[in-house]
Q: 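Take a look at this one; I'll ask things after.
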Amino acid sequence: MFFRSIRMLAAAAVTALACVTHAAVPLPALNVDTSQTSVSGLSSGGFMANQLGIAYSATFRGVGIFAAGPYMCAGHSNYTACMYNATISSAMLSTMQTDINNWSTSGAIDNKSNIATQKIFMFVGSSDTTVGPNPMAGLKTQYTNNGVPAANLTYVQRASTAHVFPTDFDSTGNNACGTAASPYISNCSYDGAKEALSKFYGTLNPRNNAPAAANYIEFDQTAFTSNPGMASSGWIYVPSSCSSGAQCKLHVALHGCQQSTDKINTQFVKNTGYTRWADTNNIIVLFPQTKVDNTSRSTAASGSLANPNACWDWIGWYGTNFSQKAGTQMAAIKAMVDKVSSGAGSGGGGGGSGSLPAPTAVATSGATTSTMAITWGAVSGAASYNVFRNGNKVNATGVTATTYTDTGLAAATTYTWTVAGVDSAGTQGATSAGATGTTTGTAPPPATCYTASNYAHTTAGRAHQSGGYALANGSNQNMGLWNTFTTTTLKMTGTNYYIIGTCP
């Protein structure tokens with residue numbers, strides 16, 4: 001997916017895909033809780049996510065890295081020493097740390113003390129030979145050296161997984177989980193987007209597997225940069241609740257090399273699973289885009305190189321300050337984040353910027369197996385109210401009464417609700433203290449998972465084969481080739497009903 005791929009893929013034709021026909025529009029300004037901004041990325045996007053997280057540590061409260069390496073690794077060493085499963089030595093990490101220390105003092109990056117408060121999610125496949133576990137281990141050490149506590153850092157190394165973005169569903173054009181090939185998005189029976197977002201935001205509402213096409217917006221990137229490595233347009237996913245004025249969280253998702261829209265159209269935007277979770281959890285997802293740059297440019301430590309795979313700049317194509325706040329691609333993404341977060345009511349702490357006080361006497365009652373009634377005291381000047389379950393807005397339109405019945409809940413489960421008033425201008429006020437409640441009934445038994453070869457699944461009666469492929473009983477999900485070499489994890493969710501997935 002990086003430079004080794006240049007030799008392998010330069011002569012290969014890109015898979016024919018429908019051209020992007022949407023006209024780019026200005027990036028919208030929305031109501032964003034600026035204390036809930038996060039970033040993640042794969043490969044070069046993972047390196048860039050790490051750079052953004054360290055340089056703008058006061059902005060990004062969560063950082064997700066899928067198969068990348070330490071901050072400033074390629075600033076001092078040839079890029080090959082930072083990937084291909086190269087070992088990152090303690091001396092290399094010490095040199096990188098000197099940059100972090102010095103730039104934190106000078107202001108070239110935000111104060112490094114913020115890093116220790118971030119939530120970090122890391123993922124790499126054990127079969128990843130493009131980046132590999134060793135550079136990720138070096139990155140984990142770098143975060144630990146900068147004070148990130150064990151509770152804030154999740155590191156997943158998954159077997160039989162190559163250099164890919166992992167999902168738990170099939171999409172047209174995906175490559176096999178154990179093979180590093182375009183589009184580098186694979187059904188690995190592991191929901192990478194969910195796991196990263198859950199690390200940043202806690203328990204999520206169930207996802208929507210069919211996000212509305214109208215919520216995908218192609219926006220004009222030229223308003224933020226003229227960098228030759230960035231495309232003229234990017235993408236943003238805005239859930240309907242967020243476009244209607246609800247205060248939402250913001251996540252930046254960065255594709256890897258060979259995954260820009262000029263390479264694979266919108267597959268990274270639509271097939272990675274980010275938008276499925278964003279749609280039901282009040283999360284706006286920003287997808288900035290790079291483009292092919294065939295001009296050979298001097299880099300920090302890797303000589304003169306072109307960028308034909310449309311990678312994010314983690315080696316210094318576009319200036320020696322590529323990993324600092326002033327780096328051209330870094331500053332462009334930060335400017336996009338600032339624009340999205342500049343809408344009415346944006347602010348921190350889960351509340352709005354309006355003057356309405358927080359509702360008092362919030363309480364729960366009338367629990368059933370799937371519903372809960374929430375009540376609160378009236379707020380003077382409030383035209384309506386928003387109700388939040390576990391931090392996520394649940395009402396589609398403003399609630400004009402001082403009671404709301406929340407539905408679609410799981411049995412025998414404890415939730416927390418908060419309420420905020422909204423004035424006649426649509427500005428949300430302060431959020432109330434939380435009120436907890438537990439639904440009635442009995443929690444369903446834990447799901448049972450089985451990991452085996454596709455052939456073994458069929459002989460055990462969990463799957464059947466058709467046309468040389470194994471299909472899960474009940475859901476009929478395609479598990480891949482029917483043989484003894486392809487391994488799949490199946491989750492039993494009902495009598496003779498299995499889905500591709502993992503158990504908690």
Q: Where do Ala278 and Pro239 come nearest, in terms of heavy atoms and distance?
A: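 Minimum heavy-atom separation between Ala278 and Pro239: O-CG, 3.4 Å.
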Q: Does the side chain of Cys311 reach to within under 4.5 Å of the side chain of Trp317, using non-hydrogen atoms?
A: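 The answer is yes; the side chains approach within 4.5 Å.
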Q: With rounding to the nearest 0.5 angstrom, report the CD1 to CG distance, Ile236 to Leu27.
A: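 It is 5.0 Å, given to the nearest 0.5 Å.
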Q: Looking only at side-chain N and O atoms, does Lys249 offer a donor or acceptor that is under 3.5 Å from a partner on Asn282?
A: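 No, no side-chain donor-acceptor contact under 3.5 Å.
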Q: Could you measure the distance from the CG atom of Asn85 to the CD1 atom of Ile88? Nearest 0.5 Å is fine.
A: 9.5 Å
Q: Relative to Phe224, does Lys339 satisfy both conditions: NZ or CZ under 6.0 angstrom from the six-membered ring centre, and within 45 degrees of the ring's axis?
A: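 No, Lys339 and Phe224 do not form such a contact.
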Q: May I ask you to check if Arg276 and Phe169 form a cation-pi contact, with NZ or CZ under 6.0 angstrom from the six-membered ring centre and within 45° of the axis?
A: yes
Q: Can you find a heavy atom in the side chain of His251 that is under 4.5 Å from one in the side chain of Ser40?
A: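 His251 reaches Ser40 side chain to side chain.
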Q: Applying the side-chain contact (heavy atoms from CB on, under 4.5 Å) criterion to Gln267, which one of Ile264, Asn265, Val269 satisfies it?
A: Ile264
Q: Between the side chains of Asp262 and Lys291, is the shortest nitrogen-to-carboxylate-oxygen separation below 4.0 Å, so that they form an ion pair?
A: no
Q: Can you check whether Tyr184 and Phe268 have ring centres sitting under 6.0 Å from each other?
A: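 Not close enough - the centres of the two rings lie 6.0 Å or further apart.
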Q: Considering all heavy atoms of both residues, which atom of Ser323 and which atom of Ala55 are nearest to each other, and what is their separation?
A: O-CB, 3.6 Å
Q: Looking at Pro70 and Met96, what are the two nearest heavy atoms and their distance?
A: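 So the minimum-distance heavy-atom pair works out to CB-SD, 3.6 Å.
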Q: Are Lys270 and Tyr216 in a cation-pi contact, defined as NZ or CZ under 6.0 Å from the six-membered ring centre and within 45° of the axis?
A: yes
Q: Taking the six-membered ring where the residue is Trp, are the ring centres of Trp235 and Tyr237 under 6.0 Å apart?
A: no
Q: Starting from the C-alpha separation in whole Å, work towards a yes-or-no answer on side chain to side chain donor-acceptor pair (under 3.5 Å) for Asn174 and Asn271.
A: CA-CA 9 Å; Asn174 278 14; Asn271 295 348; 4.5 Å; no
Q: Please check: side-chain N/O of Asn215 versus main-chain N/O of Pro211, any donor-acceptor pairing under 3.5 Å?
A: no
Q: Please check if the side chain of Thr141 supplies one atom and the backbone of Ala137 the other of a donor-acceptor pair under 3.5 Å.
A: yes
Q: Taking the side chain as every heavy atom from C-beta outward, state whether Thr488 and Thr451 have any atom pair closer than 4.5 Å.
A: no
Q: In this structure, are over 12 heavy atoms from other groups packed under 6.0 Å from Lys140 atom NZ?
A: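 Count not over threshold, so no.
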Q: Pairing donors with acceptors under 3.5 angstrom, does anything connect the side chains of His255 and Thr290?
A: yes
Q: Does the pair Gln247 and Val32 meet the rule for a side chain to side chain contact (heavy atoms under 4.5 Å, CB included), with working shown?
A: CA-CA 5 Å; Gln247 187 172 59; Val32 172; over 6 Å; no
Q: Go through the steps for Asp170 and Asn478 under the test side chain to side chain donor-acceptor pair (under 3.5 Å), then give the verdict.
A: CA-CA 8 Å; Asp170 292 317; Asn478 192 323; 5.7 Å; no
Q: How are the rings of Trp417 and Tyr415 set to each other: parallel, tilted or perpendicular (split at 30° and 60°)?
A: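 Correct class here is tilted.
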Q: Output yes when a side-chain donor or acceptor of Thr280 lies under 3.5 Å from a complementary backbone atom of Pro206, and no otherwise.
A: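 Present.
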Q: Can a donor-acceptor pair be found, under 3.5 Å and without considering hydrogens, that links the side chain of Ser77 to the backbone of Ala74?
A: no
Q: Within this structure, what is the OG1-CG distance for the pair Thr275 and Asn208, rounded to the nearest 0.5 Å?
A: 8.5 Å
Q: Looking at CG of Leu139 and OG1 of Thr144, how far apart are the two atoms once the value is rounded to the nearest 0.5 Å?
A: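 With rounding to 0.5 Å, CG (Leu139) is 9.5 Å from OG1 (Thr144).
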Q: Any side-chain to backbone donor/acceptor pair from Thr105 onto Asn101? Under 3.5 Å, distance only.
A: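 Pair found, side chain donor or acceptor close to backbone of Asn101.
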Q: Using distance alone, with no hydrogens and no angle criterion, decide if Asn175 and Ser186 have a side-chain donor and acceptor under 3.5 Å apart.
A: yes
Q: When you look at Gln428 and Asn386, which way does the side chain to side chain donor-acceptor pair (under 3.5 Å) test go after all the steps?
A: CA-CA 8 Å; Gln428 182 176 291; Asn386 288 330; 2.9 Å; yes
Q: How far apart are the closest heavy atoms of His163 and Ser43, and which atoms are they?
A: NE2-OG, 2.8 Å
Q: Test side chain to side chain contact (heavy atoms under 4.5 Å, CB included) on Ser233 and Gln289; report intermediate values, then the result.
A: CA-CA 7 Å; Ser233 62; Gln289 294 294 312; over 6 Å; no
Q: Atom OG in Ser160, atom CZ in Arg158: separation rounded to 0.5 Å?
A: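 If we round to the nearest 0.5 Å, Ser160:OG and Arg158:CZ are 8.5 Å apart.
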Q: Could you tell me whether the side chain of Ser127 and the main chain of Gly125 form a donor-acceptor pair under 3.5 Å?
A: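 Not confirmed, Ser127 side chain does not pair with Gly125 backbone.
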Q: Output the distance between atom CD1 (Ile100) and atom OG (Ser57), rounded to the nearest 0.5 Å.
A: 10.0 Å
Q: Is the distance from the ring center of Phe165 to that of Tyr274 below 6.0 Å?
A: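 Phe165 vs Tyr274: aromatic centres under 6.0 Å.
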Q: Within a strict 4.5 Å, meaning less than it, do heavy atoms of the Met330 and Gln324 side chains meet?
A: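 Sidechains of Gln324 and Met330: no contact.
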Q: Please confirm whether the backbone N or O of Tyr498 pairs with a side-chain atom of Ser475, one donor and one acceptor, at under 3.5 Å?
A: yes
Q: Can you tell me if Asn114 and Arg61 form a side-chain donor-acceptor pair at under 3.5 Å?
A: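 No donor-acceptor contact under 3.5 Å links the two side chains.
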Q: Hey, does the side chain of Gln259 reach the backbone of Pro183 with a donor-acceptor pair shorter than 3.5 angstrom?
A: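 Indeed, once roles are kept as given, a pair shorter than 3.5 Å links the two residues.
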Q: Determine whether Met48 and Ile333 make a side-chain contact, defined as any pair of heavy atoms from C-beta on separated by less than 4.5 Å.
A: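 A side-chain contact exists here, since the closest heavy-atom pair is under 4.5 Å.
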Q: How close do Pro135 and Ala86 get, heavy atom to heavy atom, and via which atoms?
A: CD-O, 3.4 Å
Q: Please verify the inter-ring angle class for Trp103 with Tyr71; under 30° counts as parallel, over 60° as perpendicular, anything in between as tilted.
A: perpendicular
Q: Looking at Thr369 and Ala411, would you say the former's side chain and the latter's main chain have a donor-acceptor pair under 3.5 Å?
A: no
Q: Who pairs with Ser244 by side-chain hydrogen bond (donor to acceptor under 3.5 Å, both in side chains), at least two apart in sequence or on another chain?
A: none
Q: For Ala253 and Val285, work out which heavy atoms get closest and say how close.
A: CB-CG1, 4.0 Å
Q: Side-chain contact test, heavy atoms from C-beta onward, threshold under 4.5 Å: evaluate it for Gln118 versus Phe200 and give yes or no.
A: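 Of all side-chain heavy-atom pairs linking Phe200 with Gln118, none is under 4.5 Å.
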Q: With sequence neighbours left out, what residues match Lys119 under salt bridge (charged side-chain N to carboxylate O under 4.0 Å, His left out)?
A: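 With sequence neighbours excluded, Lys119 shows a salt bridge (charged side-chain N to carboxylate O under 4.0 Å, His left out) to no residue whatsoever.
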Q: Are any non-hydrogen side-chain atoms of Val337 and Leu250 less than 4.5 angstrom apart?
A: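 Touching, per the 4.5 Å side-chain cut-off.
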Q: Measure the acute angle between the ring planes of Phe66 and Phe121, then classify it against the limits of 30° and 60° as parallel, tilted or perpendicular.
A: tilted
Q: Please determine, by modelled atom types, if Asp313 and Gln329 share a side-chain donor-acceptor pair under 3.5 angstrom.
A: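 Per modelled atom types, Asp313 and Gln329 side chains form no pair under 3.5 Å.
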Q: May I have the list of side-chain donor-acceptor pairs in residues 189-196 shorter than 3.5 Å, sequence neighbours left out?
A:
{"unit_1": "Asp191", "atom_1": "OD1", "unit_2": "Lys194", "atom_2": "N", "d": "3.1"}
{"unit_1": "Asp191", "atom_1": "OD2", "unit_2": "Arg207", "atom_2": "NH1", "d": "2.8"}
{"unit_1": "Asp191", "atom_1": "OD2", "unit_2": "Trp277", "atom_2": "NE1", "d": "2.9"}

Q: Is there side-chain contact between Glu218 and Thr261, with heavy atoms separated by less than 4.5 Å?
A: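 Of all side-chain heavy-atom pairs linking Thr261 with Glu218, none is under 4.5 Å.
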Q: Looking at Gln221 and Ala231, would you say the former's side chain and the latter's main chain have a donor-acceptor pair under 3.5 Å?
A: yes
